Amino acid sequence: MAYMPDERRMQAMADVTVSNAHSTYSGYQSLVRLYEATKGSWGDTISVELAIWFNANLAAPLGAILDGVVESLNEVSLDKLPPEIKTILQKNGFLAHFGYPALRDTNDTTIKYLKLRPSDGRYFNQYVLSELLGRSELPTLSADLRKKIAESIYEIFVNAQTHSETRHNYTCGQFFPQRNTIEFTICDAGIGFRTSIKRRFGKDLPAKRAIQWATAVGHTTKSDTPGGIGLAIMKEFIAKNRGALQIVSNDGFYELNESGENLRDFNGEFPGTIVTMIINTNDRFSYGVAEAEATYSVF
Amino acid sequence: MDALRLSVFNIVGNSFCVEADDGQKVFERIASALKADKRVELSFQNVEMLTSAFLNTAVGRLYRDFTEELIRDSLQVVQMDATDLALLKRVVETAKLFYKDPERLQRSINELMES
């Protein structure tokens with residue numbers, strides 16, 4: 001980041017806008033800008049404005065960034081919110097962490113914002129049960145698809161638990177009935193794929209390449225236990241579902257969608273890893289394995 | 001000789017078998033039985049949710065300490081649903097490869113750096 005005299009830097013940190021943030025490369029870039037504009041601040045009041053649009057699932061990485069800001073004894077003010085953004089972030093519980101009362105979601109489209117320690121797996125079980133598996137108001141989801149989504153979410157959660165060295169995981173989702181999609185994000189404020197690979201193999205890959213490597217079958221940074229199946233399974237699921245998988249780690253962006261894989265760099269970095277699944281809820285693909293194909297001779 | 005029946009649900013204490021730490025508990029029970037020359041029947045009755053992370057630790061790690069032949073002859077899985085069996089099969093294939101060629105991952109990183 002370019003050097004700025006203290007006075008200008010203070011001014012820039014005082015008011016930061018995240019504008020028109022969707023689950024897209026440019027949406028994540030606006031969060032990266034927020035992190036870059038606020039990192040290194042100490043004892044300030046930082047006003048964050050969310051303008052035009054803010055995808056509710058992005059509350060997860062926003063929470064991770066703002067927690068870092070608050071930990072440096074800054075005060076965060078979220079008082080410049082358009083009414084629609086404010087309402088949805090109250091309904092999903094995000095703004096309750098920043099001085100607002102929670103609101104009841106009468107449309108039943110939110111998947112709650114949750115911040116938890118990696119060791120709090122039991123709370124995460126309850127969350128997946130109450131927010132996904134047990135939701136009768138998501139009728140378009142077949143039982144098969146529901147289980148497949150929950151499995152993918154667990155794979156990401158335990159991946160972060162094992163590798164990221166984060167203090168907290170952040171999750172949030174949103175159901176878009178008009179678009180027939182669920183957008184679900186899990187993020188951490190941990191070391192990221194690049195550092196994990198560098199520590200294990202002594203090589204410093206660009207972040208986007210590090211992410212891509214980690215999504216291939218059998219690729220793991222664990223030295224004593226096999227692994228590298230979770231992200232690969234998720235890629236297969238997303239391809240069948242005709243959804244999308246996005247991974248942000250440090251300054252790298254990876255996306256898998258119907259057009260294939262797309263790798264890009266950010267201008268700046270995110271302090272951890274974000275994984276977003278965009279799931280097509282109109283999916284009639286059968287994810288079950290026929291009993292006849294199942295075999296107990298697996299060893 | 002009758003096989004020792006181990007209930008995954010009972011060892012973990014939960015129908016959600018997703019965390020690697022819980023997989024470690026299952027691994028330790030299977031490993032101590034195999035070391036005592038016992039045959040093991042691993043039951044997944046009442047298990048609702050599994051992850052590869054759990055199975056990598058519970059079962060995949062066995063390939064570090066025991067031969068493929070011994071595992072094939074001594075370990076049997078029962079009451080597992082078809083999709084979970086498919087996942088277990090992948091875990092086993094990955095584990096065999098992982099311990100057979102430990103340098104494979106380092107090579108793939110080196111190749112990526114050179115490309």
Side-chain angles (χ1 to χ4, degrees), chain A residues 118-119 121-122 124-126 128-129 133 144 147-148 150-159 161-162 197-198 200-206 209-210 212-213 216-234 287-299, chain B residues 14-24 27 48-57 59-64 68-78 80-99 102 104-110 112-113 115:
Chain A
S119 56
R122 296 286 147 99
F124 193 67
N125 285 351
Q126 288 166 17
V128 172
L129 276 169
L133 295 179
D144 251 11
K147 190 179 177 201
K148 203 70 200 165
E151 270 174 10
S152 298
I153 289 170
Y154 274 118
E155 293 284 359
I156 308 169
F157 178 75
V158 293
N159 220 36
Q161 202 178 38
T162 311
I197 288 174
K198 192 176 175 187
R200 168 77 174 85
F201 300 108
K203 303 285 183 188
D204 195 9
L205 290 177
R209 293 279 167 210
Q212 189 185 33
W213 180 87
V217 185
H219 284 186
T220 178
T221 53
K222 288 182 287 184
S223 55
D224 60 339
T225 308
I229 300 175
L231 284 172
I233 286 176
M234 204 158 74
Y287 291 95
V289 172
E291 288 295 333
E293 289 172 36
T295 169
Y296 277 96
S297 9
V298 288
F299 302 119
Chain B
N14 198 300
S15 62
F16 281 59
C17 298
V18 295
E19 296 187 41
D21 285 353
D22 284 334
Q24 178 66 21
F27 165 79
E48 288 179 74
M49 188 66 69
L50 278 169
T51 63
S52 62
F54 175 88
L55 290 173
N56 281 327
T57 314
V59 178
R61 216 178 224 188
L62 293 170
Y63 289 86
R64 181 190 65 183
E68 281 183 36
E69 291 71 27
L70 186 131
I71 295 169
R72 199 179 305 120
D73 293 345
S74 310
L75 181 61
Q76 193 189 354
V77 165
V78 295
M80 193 176 209
D81 86 23
T83 50
D84 292 339
L85 266 173
L87 178 62
L88 178 61
K89 199 167 166 39
R90 293 187 75 157
V91 164
V92 166
E93 283 163 4
T94 309
K96 286 178 184 174
L97 202 59
F98 182 81
Y99 291 114
R104 188 179 60 93
L105 295 177
Q106 180 72 59
R107 281 200 307 276
S108 79
I109 292 284
N110 294 350
L112 202 55
M113 289 296 287
S115 65

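For clarity, every value in this text was computed on a predicted model and none was experimentally measured. Sequence lines set the chain letters: A, B, ... in the order given, protein chains first and strands last, and positions in each chain run from 1.
The shortest non-hydrogen separation linking B:Thr94 to A:Ile229 is OG1-CD1, 3.5 Å.
In summary, B:Arg90 and B:Glu93 do not engage in a salt bridge, as defined by a charged side-chain N under 4.0 Å from a carboxylate O. With respect to A:Asp204 and A:Arg209, no salt bridge is recorded, no charged nitrogen being found less than 4.0 Å from a carboxylate O. Ion pairing between A:Lys147 and B:Asp84 holds under the 4.0 Å rule for side-chain N and carboxylate O.
Both the backbone and the side chain of B:Ala53 come within less than 4.5 Å of a heavy atom in chain A. Of the atoms belonging to B:Asp21, not a single heavy atom falls under 4.5 Å from chain A. For B:Phe54, no part lies near chain A; criterion is any non-hydrogen pair under 4.5 Å. Only the backbone of A:Tyr287 comes within less than 4.5 Å of a heavy atom of chain B; no side-chain atom from C-beta onward does. At a 4.5 Å heavy-atom cutoff, the contact between A:Ser223 and chain B is made by backbone atoms alone. For chain A, no part of B:Leu55 is nearby; none of its heavy atoms comes within less than 4.5 Å. Only the side chain of B:Val92 has a heavy atom closer than 4.5 Å to any heavy atom of chain A.
When the candidates B:Val78, B:Leu105, B:Asn110, B:Leu112 are compared by the number of heavy-atom contacts under 4.5 Å with chain A, B:Leu105 comes out ahead. Listed options A:Ala216, A:Gly218, A:Ala210 were ranked by heavy-atom pairs under 4.5 angstrom with chain B; first place goes to A:Gly218. Between chain B and the options A:Phe157, A:Phe124, A:Tyr154, heavy-atom pairs under 4.5 Å are most frequent for A:Tyr154.
Between the side chains of A:Arg200 and B:Gln106, no donor-acceptor pair is found at a separation under 3.5 Å. Side-chain atoms of B:Ser52 and A:Glu155 include a donor-acceptor pair closer than 3.5 Å.
B:Arg64 places a side-chain heavy atom less than 4.5 Å from the side chain of B:Phe27.
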